[in-house]
Asks: 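What follows is a structure written as C-alpha cells; I'll ask about it next.
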Amino acid sequence: MAAKQLNLLPAPTFSWLGVNGTEREIYDDVANEITVSGCEDPVKRITVDASANVKVSGSQNPQLVVMHINAEHAAVQTAVCAGAGETIKLVQIVSGGTNILKLDAELADNASLELVQIYLNTADAVSGAEIRMNGRKSVFTSYIGYNLTNDNTLDISLNIVQNGKKSESNTTVRGVLREHAKKIFRGTIDFRNGAVGACGTEQENVLLLDETVVNKTVPVILCAEEDVAGSHGATIGQIDPKHIFYMQSRGIPEAQIYEYLAQSQLGSIVRQIGDAETESGVSRMLGRETADE
Amino acid sequence: MRQKTQVADIDRSLYDFRYDEDAADFLNSGITPEIIREISEEKNDPEWMREFRLKSLEIYSRMKMPVWGPPVDGLDMRNIVTYIRPKSRMNTDWNNVPAHIKETFERLGIPQAERESLAGVGAQYDSELVYHNVRKEVAQSGVVYTDLESAMHDPKYAEIIRMHFMKLVPPGDHKFAALHGAVWSGGSFVYVPAGVKLEIPLQSYFRLNAKGAGQFEHTLIILEENSDLHFIEGCSAPKYYEAGLHAGCVELYVGKGAKLRYSTIENWSKNMYNLNTKRALVEEGGRIEWVSGSFGSHVSYLYPMSILNGRGASAEFTGITFAGEGQNLDTGAKIVHNAPETSSHIDTKSISKSGGISTFRSAVTVHENAVGSRSSVSCESLMLDGISRSDTIPAMDIRTDKCDIGHEAKIGRISDDAVFYLMSRGMDEQAARAMIVSGFAGNVSKELPLEYAVEMNNLIRLEMTGAVG
C-alpha cells in the first residue's frame with residue numbers, strides 16, 4: 001500500500017480549506033480486466049466487487065453500461081472512449097466499502113457521453129473523473145447523486161475539459177447528508193483556448209439534515225476562450241420551512257416529511273438511470289418503495 | 001466583415017508622474033534582523049513592538065510562499081527597500097508638507113476632496129504618513145483619526161493599539177502577513193466612540209513614489225457600539241521597470257450594532273505586487289460593507305475577510321476587477337459565519353482583456369454554531385478577447401444544517417442578443433456595446449462615493465471604436 005494524492009483541484013485555492021486534494025492509501029491488489037465494446041445487448045450490467053480496470057468503448061448503436069460497485073476495498077479505473085458520432089451512457093452505482101474510483105473519458109467529434117453516478121452510504125469513497133471533450137460538438141451530460149449517513153465520507157472530483165468547438169456540458173448534482181456524513185464535491189469546467197462556441201453548466205443542490213454534517217463544495221470555472229458561456233450554481237442547506245408547513249397541513253408527520261424530501265432529492269437522479277431493473281434496485285436501497293406504499 | 005470593437009486599456013497617465021528620491025534616505029534593500037532593528041530605531045518603537053517585528057521576521061523566514069495563487073517569481077525580496085526615511089514628519093497643516101509631496105497629492109485631487117466632501121484625510125508618501133487632518137467637529141465628537149505611530153506613542157491609545165495590532169491578522173497567517181509584521185510603517189488609526197455616526201467619510205491615500213520599494217502601511221479601525229463610519233482608501237504609484245511591493249494590512253473591529261463601509265480603489269502601477277491583507281471582526285448586529293475596485297498592479301492577491309462573530313452580524317462585499325495586459329489579478333472575498341443568524345452577500349464582476357488574467361476566489365465557511373445563517377455569492381466575468389483568461393474558484397465549507405447558502409457564477413462575452421436588442425432600439429453597435437460594458441460595472445460604481453465613481457469610470461475608460469459590419 002502506498003499513500004497517494006488524489007482528486008487534485010485543477011486550480012488550487014486557500015490551503016486552510018482542505019479542498020485542494022485528498023490523500024489515500026492505494027491497494028496493490030491485482031485488478032480484474034473488464035472490456036465492454038460494441039455489445040449487442042442494449043444494456044450491459046457489470047458487478048464490480050474487487051479492484052478492476054474497465055474499458056468502455058462505443059459503437060454506432062447507443063450503449064448503456066451499468067456498473068454496480070460494491071467492494072470492501074477496491075480501486076476501480078474506468079476508461080471510456082466515445083468515437084466520432086458514438087453515444088455511450090455509463091451508470092455507476094457505488095455503495096458501501098472503501099472505494100477509490102477513477103474515470104477517464106475522451107469524446108471525439110459529435111460524440112455523446114451521459115454519466116449517472118449514485119453513491120449510497122459509501123463508508124469512504126474517493127471518486128475522480130476527467131472528461132476530455134476534444135471533439136467538435138461533443139456532448140457530456142452528468143447526473144450525480146449521493147445519500148450519506150453515519151460516518152460516511154465521499155470525495156468527488158469532476159474535471160470537464162472542453163477543447164472542442166461548440167462542445168456542451170451539463171452537470172446536475174443532488175445529495176443528502178445526515179448524521180456525521182462528510183462530502184466534498186469539486187466540479188470544474190475548463191474552457192480551453194479554441195473551444196469557440198462551447199457552453200457548460202453545473203448545478204449542485206445539497207440537503208443537510210443534521211447539524212453534525214460537513215459539506216464542502218468547490219465549483220470552478222476556468223476560461224481561456226472568449227466565445228463561451230459557462231455558469232455554475234449551488235444551493236446548500238435545510239428544507240424550506242414553507243414546504244414543511246405545507247406537508248404538515250396535509251397531515252404528514254414531520255419525520256416522514258424529511259424522509260420524503262430526502263428521497264425526492266435523489267429521485268430525479270435515479271430516474272436518469274434508464275434501466276428499470278437498476279432503478280428499482282436503487283430505489284429499494286433508498287427505501288423509496290417502502291415510502292411509496 | 002465585422003471588425004471587433006475595441007475596449008481601451010486603463011488610462012494611467014494621471015498617476016504616472018514621479019519625483020527623484022534622495023538615495024541617502026533609503027535603508028538597505030532586503031530583509032535582515034539588522035534592517036528590522038534599524039526600522040524599529042528610526043521609528044522609536046516601544047520594546048514590545050521591536051520584539052514583535054523580530055518575531056515576525058522569524059516567522060517570515062520559515063514560512064513558504066503560497067502555492068495556490070498567481071506566480072510571484074518576479075518579486076525578489078533581496079531587492080526591495082522596505083523603509084525610506086521621510087523628508088518631513090507628520091503634519092496637520094497642509095502648508096507644512098514639502099512642496100513635491102504637496103504637488104503629488106494636489107495632482108491626485110486629495111486636498112480638493114478633503115475640502116469638499118471628507119470628514120478627515122490622511123496621506124502617506126512612501127513609508128510614512130506626511131499629513132493627517134480631521135475636521136474640528138468630527139474630532140469634538142470623540143473620533144480619533146491619526147497615524148498609527150503617533151497613536152502607539154500616545155498614552156491614551158497605546159494599550160488599545162497593543163491589544164488590537166495584528167491580532168486579527170497574526171503574522172503566522174501567511175508569509176506576507178509575517179513580512180508586514182516585521183517591516184510595517186505608516187498607516188492610520190481610527191477610533192469611533194459608541195453611538196457616533198459620521199455622516200461624511202474619512203479617507204487615507206497611499207502613494208508609493210520610490211523605485212524598487214515596498215509600502216507596508218497598517219490601518220487599524222475600531223468602531224464602538226452603534227457607531228457608523230465610511231472609510232475610503234486610495235492608492236497609486238508611478239510605473240517603473242523594477243518590481244515594487246505593497247504588503248499592507250487592514251484590521252477592522254466592528255462593535256455591536258456598528259456599521260462600517262470600507263471602500264477601496266486600488267490603482268497601483270503595473271510593476272507592483274499587491275499582496276495585501278484585510279480583515280474585519282464583526283460583533284452582534286454589526287455590519288461590514290466592502291466596496292473594492294482593483295485596476296492596477298502586476299500581480300494582486302486580495303481577499304478581504306469578514307468574520308461574523310456575533311448574532312445577526314452581516315457582511316456585504318461588492319467588487320470589480322479589471323485585468324489588462326501584463327496583469328494577473330487574483331481577487332475575491334472570504335466570509336466566516338461564526339454566530340447564529342449571520343448573513344453575507346458577495347457580488348463581484350471581473351473584466352479581462354489584452355492577455356490579462358482575472359481570477360475570482362472566495363471562501364464561505366459556516367461553523368456549527370452559525371445556526372440560521374444565510375449567504376449568497378454571485379460572480380460574473382466578462383472576456384473581451386480570446387487571449388485573456390478569467391477563472392472563478394469559489395469554495396464553500398458548511399458545517400450546520402440550519403442555513404441557506406447560495407452561489408452562482410457566470411462567465412462569457414458580450415451577448416450578441418443584447419447588442420441586437422439595443423440596436424433594434426436605434427443604437428449603433430458601438431454605443432450598444434459601450435452601454436452593456438458600463439452596465440456590467442454599474443453595480444460597483446453606484447456603491448462608490450461620487451468622486452471615486454468618476455475616478456473608476458476614468459480608469460476603465462471604455463472607449464469603443466471600430467467599424468461595424
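Nothing here was measured: the structure is a model prediction, and the numbers come from that model. All chains are named by letter (A, B, ...) in the order of the sequence lines, taking the proteins before the strands, and each is independently numbered beginning at 1.
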Asks: Highest number of heavy-atom pairs under 4.5 Å with chain A: which of B:Thr400, B:Asp404, B:Ile357?
Replies: B:Asp404
Asks: Keeping A:Asp227 on the side-chain end and B:Arg413 on the backbone end, is there a donor-acceptor pair under 3.5 Å?
Replies: no
Asks: When only pairs under 4.5 Å are counted, which of B:Ser390, B:Gly412, B:Gly406 shares the most heavy-atom pairs with chain A?
Replies: B:Ser390
Asks: Less than 4.5 Å to any heavy atom of chain B: does that hold for the side chain of A:Thr188, its backbone, both, or neither?
Replies: neither
Asks: Could you tell me which non-hydrogen atom of A:Leu17 sits nearest to which non-hydrogen atom of B:Ala395, and how far apart they are?
Replies: CD1-CB, 3.6 Å
Asks: So, the side chain of B:Asp391 versus the backbone of A:Cys223: is there a donor-acceptor pair under 3.5 Å, distance only?
Replies: yes
Asks: Would you say the side chain of B:Leu384 lies within less than 4.5 Å of the side chain of A:Glu226, judging by non-hydrogen atoms?
Replies: no
Asks: Any chance you could measure A:Glu225, atom CD, to B:Asp385, atom CG, to the nearest 0.5 Å?
Replies: 10.0 Å
Asks: Check A:Ala224 against B:Arg389 and note the closest heavy-atom contact, atom names and distance.
Replies: CB-NH1, 3.2 Å
Asks: Within a 6.0 Å radius of atom NZ on A:Lys102, are there more than 12 heavy atoms belonging to other residues, nucleotides or ligands?
Replies: yes
Asks: Roughly how far, to the nearest 0.5 Å, is CG of A:Asn215 from CZ of B:Arg399?
Replies: 10.0 Å
Asks: Assess whether atom NZ of B:Lys402 is packed by more than 12 heavy atoms of other residues, nucleotides or ligands within 6.0 Å.
Replies: yes
Asks: Which atoms of B:Ser352 are under 4.5 Å from chain A, going by heavy atoms: the side chain, the backbone, both sets, or neither?
Replies: neither
Asks: If you count heavy-atom pairs under 4.5 Å between each of A:Gly194, A:Gly237, A:Cys199 and chain B, which one has the most?
Replies: A:Gly237
Asks: Go through the steps to decide whether B:Ile398 and A:Val213 satisfy the test side-chain contact (heavy atoms from CB on, under 4.5 Å), and finish with yes or no.
Replies: CA-CA 8 Å; B:Ile398 315 302; A:Val213 298; over 6 Å; no
Asks: Quick one: OG1 on B:Thr365 to NZ on A:Lys216, what's the gap to the nearest 0.5 Å?
Replies: 10.0 Å
Asks: At their closest point, which heavy atom of B:Trp68 faces which heavy atom of A:Ser15, and how far apart are they?
Replies: CD1-OG, 3.6 Å
Asks: At a 4.5 Å cut-off on heavy atoms, which part of A:Leu222 comes close to chain B: side chain, backbone, both, or neither?
Replies: both
Asks: If you measure from CZ on A:Arg186 to CD1 on B:Ile393, what distance do you get to the nearest 0.5 Å?
Replies: 13.5 Å
Asks: So does A:Arg24 have more than 12 non-hydrogen atoms from other groups sitting under 6.0 Å from CZ?
Replies: yes
Asks: Is the shortest side-chain heavy-atom distance between A:Pro219 and B:Met396 below 4.5 Å?
Replies: yes
Asks: Do B:Met383 and A:Phe191 have side-chain heavy atoms sitting under 4.5 Å apart?
Replies: no
Asks: Quick one: of B:Pro66, B:Ala363, B:Gly69, who has the most non-hydrogen atom pairs under 4.5 Å with chain A?
Replies: B:Ala363
Asks: Considering only heavy atoms, which portion of B:Phe360 lies under 4.5 Å from any heavy atom of chain A: side chain, backbone, both, or neither?
Replies: neither
Asks: Counting neighbours of NZ on A:Lys4 that are heavy atoms of other residues, nucleotides or ligands and sit closer than 6.0 Å, is the number greater than 12?
Replies: no
Asks: Measuring from A:Phe14:CZ to B:His174:NE2, what's the distance to the nearest 0.5 Å?
Replies: 10.0 Å
Asks: Go through A:Asp240, A:Val19, A:Ile239, A:Val220 and name the one with the most non-hydrogen pairs under 4.5 angstrom from chain B.
Replies: A:Val220
Asks: Determine whether B:Ile387 and A:Asn193 satisfy the following criterion, side-chain contact (heavy atoms from CB on, under 4.5 Å), listing intermediate values before the conclusion.
Replies: CA-CA 8 Å; B:Ile387 57 168; A:Asn193 190 247; over 6 Å; no
Asks: About how many Å separate CD of B:Glu368 and CD of A:Glu211, when rounded to the nearest 0.5 Å?
Replies: 9.5 Å
Asks: Any idea which of A:Gly233, A:Gly18, A:Gly200 has the most non-hydrogen atom pairs under 4.5 angstrom with chain B?
Replies: A:Gly233
Asks: If you count heavy-atom pairs under 4.5 Å between each of B:Cys403, B:Ser376, B:Ser415 and chain A, which one has the most?
Replies: B:Cys403
Asks: Out of B:His407, B:Glu408, B:Glu380, B:Lys334, which one racks up the most heavy-atom pairs below 4.5 Å with chain A?
Replies: B:His407
Asks: Less than 4.5 Å apart, any side-chain heavy atom of A:Leu177 and any of B:Asp401?
Replies: no
Asks: Tell me, do B:Thr392 and A:His232 make a side-chain contact under 4.5 Å, heavy atoms counted?
Replies: yes
